[in-house]
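Report on the following structure.
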Amino acid sequence: METFEQTLVLIKPDGLKKSLTGNILTKLSESKLEIAGAKVIRVSKALAEEHYYELKDKPFFEELLTYIQGKLHGEHYERVLALVYTGEDAIKRVRQIAGATNPEDADPTTIRGAYGRITTKGVYENVIHASSNPEEAEREIKLWFEPQEIVYDLYPKEEKVLNNVKKLVWK
Ligand code: IDP
Ligand code: MG
């Protein structure tokens, strides 16, 4: 049975630097999913750490933080393009088009297989991030997006008053 899902995609700094945004969006459109949110973000160290917290004990963690912050690709590329895709089996469909984590193992018809590389320092520059299960997708979408930045009501939200201004936040 297919289920309606949402998933977070990040076009990482190497994807932006290599001018791959168009190719990646075209490739992802094969999924027949819909874009429900999109923005360019400068990634702080805190956001990078939070996003990859499960990998904090890995030997490549510090390099991974440097990579996702764009600090390997020059000042102009200290950014990522964050997207929320929604639709049937969104998580699996995007992961299939993304390909294996290690770009050398990834099928060459996938985004990572076609465009990724391993640097001499051992960083997997694999062009995009894609959530791997519904729990991870929820955590990541709530981390990268505010409720009003997504065109659907994906998760419960509430109104908070901050500095006399009403604001929607994730519950
Ligand atoms: P995923 O991105 O396919 O979900 P994860 O295991 O969640 O893979 O790892 C997150 C990111 O950390 C990868 O996309 C890649 O950039 C980096 N990474 C994962 N494993 C390695 C490794 O063994 N060496 C170097 N970098 C890695
Ligand atoms: Mg992962």
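Ligands are counted one by one from 1 in listed order, and the atoms in each one are counted from 1 as well.
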When you measure from the centre of the six-membered ring of Tyr115, is the NZ or CZ of Lys18 under 6.0 Å away and within 45° of the axis? no
Lys12 to Tyr67, cation-pi by 6.0 Å centre distance and 45° axis angle: no
Where's the contact between [X] and ligand 1, heavy-atom distance under 4.0 Å: side chain, backbone, both or neither?
X      : value
Lys12  : side chain
Phe60  : side chain
Leu55  : side chain
Glu136 : neither
Arg112 : side chain

Donor-acceptor contact below 3.5 Å, side chain Arg139 vs main chain His51: yes
Is any side-chain heavy atom of Phe60 closer than 4.5 Å to a side-chain heavy atom of Val123? no
Shortest non-hydrogen separation from Trp144 to Val80 and the atoms involved: CZ3-CG2, 3.7 Å
Where Leu33 and Ala90 come nearest, the two heavy atoms and their spacing: CD1-CA, 3.7 Å
Distance under 4.0 Å to a non-hydrogen atom of [X]: what atoms of ligand 1 satisfy this?
X      : value
Gly122 : 24 (N), 25 (C)
Thr101 : 1 (P), 3 (O), 8 (O), 13 (C), 19 (C)
Tyr52  : 10 (C), 11 (C)

Close approach of Glu125 to ligand 1, heavy atoms, under 4.0 angstrom: no
Kindly identify the option in Leu64, Ile128, Asp14 whose heavy atom sits closest to atom 17 (C) of ligand 1. Leu64
So does Tyr152 have more than 12 non-hydrogen atoms from other groups sitting under 6.0 Å from OH? no
Is it the case that atom NZ in Lys39 sees more than 12 heavy atoms from other parts of the structure closer than 6.0 Å? yes
Can you confirm, on distance only, whether ligand 1 has an N/O atom lying under 3.5 Å from any N/O atom belonging to [X]?
X      : result
His129 : no
Asn126 : yes
Arg95  : yes

Glu158 and Lys171: salt bridge (Lys or Arg N to Asp or Glu O under 4.0 Å), yes or no, with the steps? CA-CA 6 Å; Glu158 61 190 349; Lys171 253 188 184 167; 5.1 Å; no
